[in-house]
Asker: 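Submitted below is the structure of interest, expressed as structure tokens.
Note on naming: letters A, B, ... go to the chains in the order of the sequence lines (proteins, then strands), and numbering restarts at 1 for each one. Note: hydrogens, waters and symmetry copies are ignored here, and every other heavy atom, side chains too, is used.
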2 protein chains.
Amino acid sequence: MLKVQASIAALEYKPNRVAQRLRSTTKKTKLLGLVIPDIQNPFFVDVVRGVEDYAYQNNFAVMIGNFGQDEKKEKLYLDILQSENIDGLIVAPIHGKDKGIENLVKKNIPVVCIDRGLTEIDVDVVKVDNEQGAFNAIDHLLSIGHKKIAFISGNFRIPTYIERLAGYKRALSEYGVPFDENLVFARDTDYKSGFEIANKILELEDRPTAIFSGNNLLTLGALEAIHSKHIRIPEEISIIGFDDMPWSISLNPPLSAVRQPGFDMGRKAAEMLYERILNPHSKKEKVILKTELMLRKSTAPLE
Amino acid sequence: MLKVQASIAALEYKPNRVAQRLRSTTKKTKLLGLVIPDIQNPFFVDVVRGVEDYAYQNNFAVMIGNFGQDEKKEKLYLDILQSENIDGLIVAPIHGKDKGIENLVKKNIPVVCIDRGLTEIDVDVVKVDNEQGAFNAIDHLLSIGHKKIAFISGNFRIPTYIERLAGYKRALSEYGVPFDENLVFARDTDYKSGFEIANKILELEDRPTAIFSGNNLLTLGALEAIHSKHIRIPEEISIIGFDDMPWSISLNPPLSAVRQPGFDMGRKAAEMLYERILNPHSKKEKVILKTELMLRKSTAPLE
DNA sequence: ATTTGTAATGTAAACGTTTACATTTATCAA
DNA sequence: TTGATAAATGTAAACGTTTACATTACAAAT
């Protein structure tokens, strides 16, 4: 063994990553940034796991920022990560024209967008076919006789929800059911919003026979609202949600849902980021993953 | 306005955090480490949110590592964070004699332990009264007539589960029910373990009338096992879990649980870490938070 | 105008690496 | 043993800050 290497081992020398990162030009700093909208949403937790899985295998550390749908907070994390000289960044943009992310891309910092893309600039993206996913859910509901279907959505500044709304509309029009804008409710993407919106829906004069909820947390919130009013699912109302969870089967009743492959999305994003770091000028890539309709017990035919 | 400051503003100068951290001795690097066992567990997600909440308010960034109960991975994150010159670290030790964390404490790096303490060394800790929490759950079960209560636990190297077992035993002995070691099952702390252990329990000759599951994920896994065998809760078997979730009420049936204040725990830990950074030699603090018994519909008297 | 004090700016070294060469040491064939 | 080549080690500058002083500028007070 070499003398130097022997000493390295003997003294248990661990390089200081800060100094490495300060000096290094040829990216070997092994630090990735990951900026997500809501760590409470199990879908994003899956994404995180996917990213970490790939990162760990390739000796990267991951620095996570959770901005909780707060634009200022997102900006802060973007700034911090940039001034941390990260090798690259995986981020779910708060909206399609996110200037902060655009700037990073322009500065040639490797960026991969997840869950949502950017409209103003060409960038790597991994997402899901939201339009088709929503279409499948609504198509299912329509096929079993529902016509009055409420949509509990997140904010329409988030591209994801625009796409899901498009799927909702397309299904409706295929069945010749007119679109009623009073049936779509958009607010935040959290549990509380789901709860409050569902409460409002359930008190409507001519109550919808089915609910399509735009994400995990909205679904769970809506479920609480329905249960607290002792309305029976699916006898009195059907519900199907975007995002599946391992324990969807243990909900009351077992929940029908549009499954997104969160783990795969995270893993793929990390992989693409790695490629992008190695190869900064190759063509930007768009990956659209498929959703899967999980039919369980929360949707039933309208008699 | 000063000339220098004017230029700072004009050029939108952002200090390079890496250089700052490399040079700075009087800790103003504003970076915290957070190392958690399992980001899939909603309890730890709450902890993360609590930490981030405090950090954000005090302009700290948080670097999260999720080690998934893998000791090697925990070690890696500890090493990485240390060589990142972080100001301080919040960590849930993988077991009570965690050498990696002991070393950090000895090197005078500010450390706060969450959820679990360290036996060999004096360190700041925020945890919950696990013994009492488990006692309350078992006491409730015993008070409504159950005697044969299975305990789905995590690995007994994790201090938390040792304490929960102690509470289980104490309740039993207060009711004069002999402890039967064949009723405690310890494996990993994930969904799959809960599912598999519950399956085993349900096939037992003289099947327990109640299950106490050691955490969130174990509970959810057990629930799936029970449902897939079409065993009715609580008519045929009662179940109560450690850890509550916002949507526990929407489970089938609404789940009785021992609630831990995860958000508060995270926030308190961040606060204590901040104090520790400012004041490295003050007396180490132990904070024991209270649990709360949430009685819903998954436990019923034994007729 | 001169002094005095304070605020603002300037200067050089240091943090622990990487980078790019220069130099030394080891290895092998002739 | 010598020379050629490769491997190992040595050296100095640079990364962008902070730290600790030194210097300069600008008031207000004499």
Asker: Show me the side-chain donor-acceptor pairs of residues 99-106 of chain B shorter than 3.5 Å, one per line, residues at least two apart or across chains.
Answerer:
| from | atom 1 | to | atom 2 | distance (Å) |
| --- | --- | --- | --- | --- |
| B/Lys99 | NZ | B/Glu102 | OE1 | 3.2 |
| B/Asn103 | ND2 | B/Lys99 | O | 3.4 |

Asker: Applying ring-ring contact (aromatic ring centres under 6.0 Å, His included), can you list everything that pairs with A/Tyr191, at least two apart in sequence or on another chain?
Answerer: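 ring-ring contact (aromatic ring centres under 6.0 Å, His included) list for A/Tyr191, sorted by chain: empty.
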Asker: State, to the nearest 10°, the angle formed by the axis through the first five base pairs of the helix from C/dA1-D/dT30 to C/dA30-D/dT1 and the axis through its last five.
Answerer: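 Both end axes considered, the difference amounts to 30°.
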Asker: Please enumerate all residues that pass side-chain contact (heavy atoms from CB on, under 4.5 Å) together with B/Leu273, with sequence neighbours excluded.
Answerer: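 Applying side-chain contact (heavy atoms from CB on, under 4.5 Å) to B/Leu273 gives B/Leu32, B/Ile90, B/Pro110, B/Val112, B/Ile277.
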Asker: Among all residues two or more places apart in sequence or in another chain, which pass the side-chain contact (heavy atoms from CB on, under 4.5 Å) test with B/Asp46?
Answerer: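 side-chain contact (heavy atoms from CB on, under 4.5 Å) check on B/Asp46 returns A/Gln40, B/Arg49.
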Asker: Kindly write out the residues that satisfy ring-ring contact (aromatic ring centres under 6.0 Å, His included) with B/Phe60, not counting sequence neighbours, or none if the list is empty.
Answerer: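 Only B/Tyr274 meet the ring-ring contact (aromatic ring centres under 6.0 Å, His included) criterion with B/Phe60.
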Asker: Sequence neighbours excluded, which residues qualify as salt bridge (charged side-chain N to carboxylate O under 4.0 Å, His left out) partners of A/Arg276?
Answerer: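 Salt bridge (charged side-chain N to carboxylate O under 4.0 Å, His left out) list for A/Arg276, sorted by chain: A/Asp124.
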Asker: Between the protein and nucleotides 13-17 of chain C, which nitrogen or oxygen pairs are less than 3.5 angstrom apart?
Answerer:
| from | atom 1 | to | atom 2 | distance (Å) |
| --- | --- | --- | --- | --- |
| C/dA14 | N3 | B/Arg23 | NE | 2.5 |
| C/dT17 | OP1 | A/Tyr13 | OH | 3.1 |
| C/dT17 | OP1 | A/Asn16 | N | 3.3 |
| C/dT17 | OP2 | A/Tyr13 | OH | 3.3 |
| C/dT17 | O5' | A/Tyr13 | OH | 3.0 |
| C/dT17 | O5' | A/Asn16 | N | 3.4 |

Asker: Report the residues that fulfil side-chain contact (heavy atoms from CB on, under 4.5 Å) with B/Pro280, sequence neighbours left out, ordered by chain and then residue number.
Answerer: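 Partners of B/Pro280 under the side-chain contact (heavy atoms from CB on, under 4.5 Å) test: none.
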